[in-house]
Number of protein chains: 2
Amino acid sequence: MKTTIKDIAREAGVSYQTVSKALRGTGSVNEDTAQKIKKIARDIGYVPSIAARAMTTRKSQLIAIFLPQIASSFYHTILQGIENLANEHNYSVLLYLFHNTSLENKLETILSYQVEGIIIFENHFSITLLSRFQAHKIPILFVNSTDIPSNANQIAIDACYGLKLAFAHLAELGHRHVLFALSDHEAGMKRIGELQAMIPRDYGMKLSSKVYCDYYSSEHVFRNFDVKDVQNGVTAIVCTSDYIALPIMTRLQEQRICVPEDMSLVGFDDLEFSAFLNPPLTTIQQPKRELGEKIFQMLFGLMRGETHQSMMIFPKLIVRGTTKMLTSK
Amino acid sequence: MKTTIKDIAREAGVSYQTVSKALRGTGSVNEDTAQKIKKIARDIGYVPSIAARAMTTRKSQLIAIFLPQIASSFYHTILQGIENLANEHNYSVLLYLFHNTSLENKLETILSYQVEGIIIFENHFSITLLSRFQAHKIPILFVNSTDIPSNANQIAIDACYGLKLAFAHLAELGHRHVLFALSDHEAGMKRIGELQAMIPRDYGMKLSSKVYCDYYSSEHVFRNFDVKDVQNGVTAIVCTSDYIALPIMTRLQEQRICVPEDMSLVGFDDLEFSAFLNPPLTTIQQPKRELGEKIFQMLFGLMRGETHQSMMIFPKLIVRGTTKMLTSK
DNA sequence: TTGTAGGCGTTATCAA
DNA sequence: TTGATAACGCCTACAA
């Protein structure tokens, strides 16, 4: 029913080991018989069993990706970069989405598949997890994770760099009092704290911060944002996500506060919709697809035995229609 | 290095076959020794090898999902539904994204993993592909696909039903001339053609149709939409995606055509951003997560031997701020 | 260049 | 209840 190399061997009148060699091009096989074998393989629709191969080689041709349970196209685009490159290298992608703690529960599953590498987004993990994988010698790559051990492999988009770009842009436009609209999980980050101290100092800017949601929920922002938050002299808002910027812009417009005339607004991520808002959103663009490809390349290197890797990617500012030179006082 | 049931067997002083039985709870094993075996397994961190298991059982605990290469949160949400349920049932998800023709190229890969079921979105496939999988007795479920063989398993959101909802809503509001803004790949669909014939007849409505992009590219729509398209008496626009509705709304507003006062607008999908636009978008909501769960349930049934299945899901109208009763002529 | 022997980790069968 | 034997499909020596 399922065809194996033995079927091919019988057909070709050789031993199945010869078939194995011929099909993979390893070892030495007579050119003619090799051709014959390959032809037969094609004709009967032979497909190698990765499971069987994995048993002897311990190569499953599988990598696992853990993504947060978030319905954002952001991750989907990164996924594209990873998947495309993985496929080119004959790897397939096992996708896992996690709630808060489910990652560790899935640990066993993932080990049982003998994946060759693991990609984890956004620091949902524990040290015990890390050590357990290390014991199995399976490389892990952390993406956009904070507070991870310094010896862990990681690749990240430098969010603080991007935010600085946003503040610098506003400073140049003359803004002196800015609201920093955050998502819950960012509020505790050390680097964000440093940034909050640095901005006023470096740009002579007054900075008000407020948490509007957990994990980029536009709905929460829409509910929590209050125009009073910007009625004390704030002339611009920097958001850590376009998902935060969008509802804020809508709220402002509802209250007849014009963007960017009365209030400048900067988002983060450059999601698909951002360029088509009215006005189009000034934001910090992340090279999503490129990031995906870098992620795979890095993991691939790790799987080939390269040692500890760490990489930063720098986002860039896209000036569109929601920021404007401050004119009146 | 990697621990196996034989390691456990040695430790417990029994044969490895007994360990196998004890761990899976099949066959009869002395309760005490079973407990002992399980404890040892836990202690030494035993993880079963799915590859090895798959060799004898032919169950890989794997399903494959083919998704179009589209950076929309729409698919990501459906994925969530599928993945969550799959994991509950101890299945893992192999994710593949395809360009136009790559599906067939990946066929071999997917067969080599001995996946137990396949989910394919949006009719990117061929008949030969279908028959090849049938030969391997691997069930395939088509999602939102059109023009597929009638004996194929499928689940779909009834887009035409949803669109009818949109037109009916506009008809009720008094609109008599509507622009139907399409994406390229829909233009050729039989059911869409039928719909275009039916709407004028059933609602006494004049219907203009225009293709603005291929595959929901907001960018193309933004470039291609021209206010002249609605200057011949059109009072409302129905779009086949929120990604189409968004740039149209922005274009209209740029030209001081107020939504909904001067022009009503209906989207499709209810993406995350849609509720937070200004004004919030009236649209057709698809039960994305629920669809994902239904998809897995259906595939799971198929994998257990259920016969040909077909299912329709009905979307619903969400009236928000972009549609309005037609007042003046 | 070819084939023999052994093993990868697990499950299934059946005799003890 | 237990364990010996065989098999799953393939790969890696190594010997012919």
Side-chain angles (χ1 to χ4, degrees), chain A residues 1-38 40-41 44-62 90 108-109 111-116 136-137, chain B residues 1-38 40-41 44-62 90 108-109 111-116 136-137:
Chain A
M1 116 131 242
K2 186 169 188 344
T3 65
T4 74
I5 49 174
K6 290 187 183 169
D7 298 320
I8 301 177
R10 200 178 317 115
E11 188 77 17
V14 297
S15 74
Y16 65 89
Q17 292 85 345
T18 303
V19 174
S20 171
K21 285 183 236 169
L23 253 25
R24 276 173 310 131
T26 86
S28 47
V29 177
N30 180 287
E31 182 56 27
D32 287 347
T33 59
Q35 288 306 329
K36 183 172 161 196
I37 287 171
K38 286 181 188 167
I40 295 176
I44 70 177
Y46 167 75
V47 175
S49 159
I50 292 197
R53 181 178 296 165
M55 294 228 8
T56 63
T57 63
R58 305 179 156 289
K59 299 278 173 208
S60 62
Q61 305 282 101
L62 243 30
N90 286 314
E108 181 152 342
T109 305
L111 283 174
S112 70
Y113 281 105
Q114 292 178 166
V115 302
E116 296 181 44
H136 286 261
K137 296 213 170 43
Chain B
M1 127 124 234
K2 184 167 189 345
T3 66
T4 73
I5 49 175
K6 290 187 182 171
D7 297 321
I8 300 177
R10 200 177 317 115
E11 188 77 19
V14 297
S15 75
Y16 63 89
Q17 293 86 345
T18 303
V19 174
S20 172
K21 285 183 232 167
L23 253 25
R24 278 174 307 134
T26 84
S28 47
V29 178
N30 179 289
E31 182 57 28
D32 288 346
T33 59
Q35 287 306 328
K36 184 173 159 196
I37 287 171
K38 285 181 188 167
I40 296 175
I44 70 177
Y46 166 75
V47 174
S49 158
I50 291 198
R53 181 178 296 164
M55 292 224 14
T56 65
T57 63
R58 304 179 158 289
K59 299 279 173 208
S60 62
Q61 304 283 103
L62 242 31
N90 286 315
E108 180 151 344
T109 305
L111 283 174
S112 70
Y113 281 105
Q114 292 177 171
V115 302
E116 296 180 42
H136 285 260
K137 295 213 171 41

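Numbered from 1 within each chain, the chains take letters A, B, ... in sequence-line order.
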When all nucleic acid strands are considered with a 4.0 Å heavy-atom cut-off, which category describes A:Ser15: base, sugar-phosphate, or nothing?
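Base contact.
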
So A:Thr33, base contact, sugar-phosphate only, or nothing? Heavy-atom distance under 4.0 Å.
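The answer is sugar-phosphate, as A:Thr33 gets under 4.0 Å only of primed atoms, P, OP1 or OP2.
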
Kindly point out which of [options] is positioned nearest to the side chain of [X]?
X	options	result
B:Lys21	D:dT2, D:dA7, D:dC10	D:dT2
B:Asn30	C:dT10, D:dG3, D:dT2	D:dT2
B:Thr57	D:dC11, D:dC10, C:dT11	C:dT11
B:Thr56	C:dT2, C:dT10, D:dG9	C:dT10
B:Tyr16	D:dC11, C:dT10, C:dT4	C:dT10
A:Met55	C:dC8, D:dC10, D:dT2	C:dC8

If you measure from [atom1] on [X] to [atom2] on [Y], what distance do you get to the nearest 0.5 Å?
X	Y	atom1	atom2	value
B:Thr4	B:Ile44	OG1	CD1	8.0 Å
B:Ile37	B:Asp32	CD1	CG	11.0 Å
A:Asn30	A:Gln35	CG	CD	10.0 Å

Are any of B:Arg24's side-chain N or O atoms less than 4.0 Å away from OP1 or OP2 of C:dA12?
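Yes, B:Arg24 has a side-chain N/O under 4.0 Å of OP1/OP2 on C:dA12.
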
Expected output is a numbered-order residue list: members of residues 5-14 of chain A with a heavy atom under 4.0 Å from any atom of DNA chain C. What is it?
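The stretch gives A:Val14 as the residues lying under 4.0 Å from the strand, ordered by number.
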
Base of D:dT5 paired with side chain of B:Gln17 (donor-acceptor, under 3.5 Å):
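Counting by modelled atom types and ignoring angles, a donor-acceptor contact under 3.5 Å is found here.
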
Quick one: B:Tyr113 OH to D:dC10 C1', roughly how many Å, whole number?
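In whole Å, D:dC10 C1' lies 15 Å from B:Tyr113 OH.
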
Hey, does the side chain of B:Gln114 reach the backbone of B:Arg58 with a donor-acceptor pair shorter than 3.5 angstrom?
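Answer holds: no.
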
Backbone N/O of A:Asn90 and side chain of A:Gln61: donor-acceptor pair under 3.5 Å
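Between the backbone of A:Asn90 and the side chain of A:Gln61 there is a qualifying donor-acceptor contact (under 3.5 Å).
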
Distance-only donor-acceptor check, side chains A:Arg24 and A:Ser20, under 3.5 Å
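Yes.
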
Canonical and wobble pairing (Watson-Crick, G-U, under 3.5 Å) of DNA chain C, dot-bracket with |:
||||||||||||||||

